[in-house]
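First comes the structure, then the notes that go with it.
Position 1 is the first residue of the sequence, and the numbers go up from there. Keep in mind that the numbers below use all heavy atoms, side chains included, and drop hydrogens, waters and symmetry copies.
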Amino acid sequence: MKNIKLLSFLLYLSIMLNSIYSAEVKIVPSDDMYTDEINTGAHAFDQIWVANYAPVSNYQRIMMKFDLSELQGNTIDKAELNIYRFFGCPSGGATTVRIYPISEEWDENTWSETKHIGYNETTQYGIYAFSVNGMHTIDITDLVKAWADGTIENNGLVMVADANCKFAKCYSKEASNSEFRPYLNVEVTPISDVNEEDDNIEVNNFELFNNYPNPFNPSTEISFKLPETSQVSLIVYDITGMVVAEIVNNRLPAGYYSYNFNADNLCSGIYLYSIKTEHHSAIKKMILLK
């Protein structure tokens, strides 16, 4: 009987895990362009190039900037830059680029195409090799988080090619085919806007809130609203379904509750927290990053 109950729980856990709320936000660049200090001819408006090849004086750099206002009120789980390379030189060769945060203000309408932008050379937020034509996905999660939390000013990014790397030509946001335009794909988890100290909070409805912060290290707050007196069980599981903490196992009156969960003794990974009352149940995920 215990095995049947465990299998039933794991099946329930699997179903709930697939339905845990998260969202993806697609953000197109507010500005993108490339600069070339040596070759001062007309630049392709719908293209962005990067190279660093001295024999023919190709020193192009890609600049991109994103408006992150859509991300306010959310926890950023992952951020990936998607960019389409349509031409590489030499054929079959790779163009290795390094990604840095731009350190000065600019926009594509006023910045000179023949002047390279200033950037923080000591802070690299990615390295990537363009080796084939097609859409490329580059993880820049740490950079987007730094922009969003104000660690660094959001002036966008610059791609600088390694020495002896020939062209990688990509499409800009002005490309005629929208499928080839660059974009930022961000996975987010909404942050609850509930304030524990708000005396006017309504508890007419049951709700289990997203823990905050998330990801966390080593502690986070788990909150819920209870609309009626009830026996409450609030338990934390690891991804295999093993109980790692029992936070609440008590009869509670209606109200708003917030509990601190400390995972100092646990390893990094995805954990689930589940609440059961006499009339309600819910489950959510949280990420421990050490």
Side-chain angles (χ1 to χ4, degrees), residues 5-6 8-26 68-79 144-145 148-149 185-264 266 268-289:
K5 287 183 177 180
L6 178 60
S8 297
F9 169 77
L10 291 176
L11 177 60
Y12 165 78
L13 197 62
S14 175
I15 294 172
M16 291 301 295
L17 183 59
N18 288 329
S19 63
I20 288 172
Y21 180 73
S22 61
E24 292 188 357
V25 180
K26 180 179 179 179
L68 302 183
S69 58
E70 292 181 65
L71 303 182
Q72 292 183 358
N74 297 282
T75 296
I76 298 171
D77 300 320
K78 179 182 287 188
V144 174
K145 285 183 176 180
D149 65 20
N185 191 70
V186 186
E187 295 180 11
V188 299
T189 301
I191 297 174
S192 169
D193 58 0
V194 173
N195 185 344
E196 182 180 1
E197 297 178 356
D198 188 350
D199 295 333
N200 297 318
I201 187 169
E202 296 182 1
V203 292
N204 295 326
N205 299 310
F206 169 82
E207 187 170 359
L208 176 63
F209 297 103
N210 295 303
N211 64 296
Y212 181 78
N214 189 32
F216 67 98
N217 178 28
S219 62
T220 187
E221 293 291 321
I222 299 176
S223 306
F224 60 89
K225 288 193 300 183
L226 192 64
E228 58 197 357
T229 299
S230 176
Q231 182 69 27
V232 178
S233 173
L234 179 61
I235 299 176
V236 179
Y237 301 88
D238 66 17
I239 199 65
T240 68
M242 180 180 295
V243 175
V244 298
E246 185 177 57
I247 300 176
V248 179
N249 185 12
N250 203 356
R251 190 167 185 82
L252 300 175
Y256 168 78
Y257 295 88
S258 183
Y259 294 88
N260 179 268
F261 170 63
N262 190 298
D264 197 42
L266 299 176
S268 296
I270 296 175
Y271 292 86
L272 307 172
Y273 56 102
S274 169
I275 189 171
K276 289 185 179 180
T277 73
E278 293 170 9
H279 301 288
H280 305 279
S281 63
I283 187 169
K284 289 182 179 290
K285 74 172 179 180
M286 55 185 171
I287 302 173
L288 173 61
L289 288 180

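Salt-bridge formation is not detected for the pair Lys78/Glu24: no Lys NZ or Arg NE/NH1/NH2 atom is positioned less than 4.0 Å from an Asp or Glu carboxylate oxygen.
Contact detail for Pro215 and Lys145: the closest heavy-atom pair is CG-NZ, 4.3 Å. Considering all non-hydrogen atoms of both residues, Ile235 and Glu246 come closest at CG1-CG, 4.2 Å. Closest heavy-atom contact between Phe206 and Ala282: CE2-CB, 4.2 Å. In plain terms, the two heavy atoms of Met286 and Val236 that are nearest each other are CE-CG1, 3.7 Å. In terms of heavy-atom proximity, Tyr273 sits nearest to Phe209 at OH-O, 2.8 Å. Summarising the geometry of Asn214 relative to Lys285, their closest heavy-atom pair is ND2-O, 3.8 Å, with the distance given to 0.1 Å.
Within the model, atoms CD1 of Ile287 and CG of Asn217 stand 13.0 Å from one another, a figure rounded to the nearest 0.5 Å. In this structure, CD in Glu221 is found 9.5 Å from CG in Asn211, a value given to the nearest 0.5 Å. We find the CD1-OH distance between Ile275 and Tyr257 to be 10.5 Å, quoted to the nearest 0.5 Å. To the nearest 0.5 Å, the span separating OG on Ser219 from CG on Asn260 amounts to 4.5 Å. Note that CD1 of Ile247 is 6.0 Å distant from CZ of Phe261, once rounded to the nearest 0.5 Å. Atom CG in Leu288 sits 12.0 Å away from atom CG in Asp238 (nearest 0.5 Å).
When atom types are taken as modelled, the side chain of Ser258 and the backbone of Ser223 share no donor-acceptor pair closer than 3.5 angstrom. No donor-acceptor pair closer than 3.5 Å links the side chain of Asn250 to the backbone N or O of Leu252. A donor-acceptor pair is defined here as one N or O able to donate and one able to accept, closer than 3.5 Å; no such pair exists between the side chain of Ser230 and the backbone of Val232. Listed for the Thr75 side chain is no donor-acceptor partner under 3.5 Å among the backbone atoms of Val188. Ser274 places no side-chain N or O within donor-acceptor distance of the main-chain N or O of Ile283, the cut-off being under 3.5 Å.
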Should Gln231 and Thr277 be marked as a side-chain contact (heavy atoms from CB on, under 4.5 Å) after you check the CA-CA gap, both sets of side-chain angles, and the distance that decides it? CA-CA 6 Å; Gln231 182 69 27; Thr277 73; over 6 Å; no
Take Phe224 and Tyr256 through the side-chain contact (heavy atoms from CB on, under 4.5 Å) test and state the conclusion after the steps. CA-CA 6 Å; Phe224 60 89; Tyr256 168 78; over 6 Å; no
Decide yes or no on side-chain contact (heavy atoms from CB on, under 4.5 Å) for Leu71 and Val144, but give the supporting numbers first. CA-CA 10 Å; Leu71 303 182; Val144 174; 4.2 Å; yes
Steps toward salt bridge (Lys or Arg N to Asp or Glu O under 4.0 Å) verdict (Lys26, Glu70): CA-CA 9 Å; Lys26 180 179 179 179; Glu70 292 181 65; over 6 Å; no
Going through the checks in order, is the side-chain contact (heavy atoms from CB on, under 4.5 Å) test met by Glu187 and Ile76? CA-CA 6 Å; Glu187 295 180 11; Ile76 298 171; over 6 Å; no
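Residues Pro227 and His280 meet the side-chain proximity criterion, which asks for heavy atoms closer than 4.5 Å. Between Val186 and Asp77, the closest side-chain pair of non-hydrogen atoms is not below 4.5 Å.
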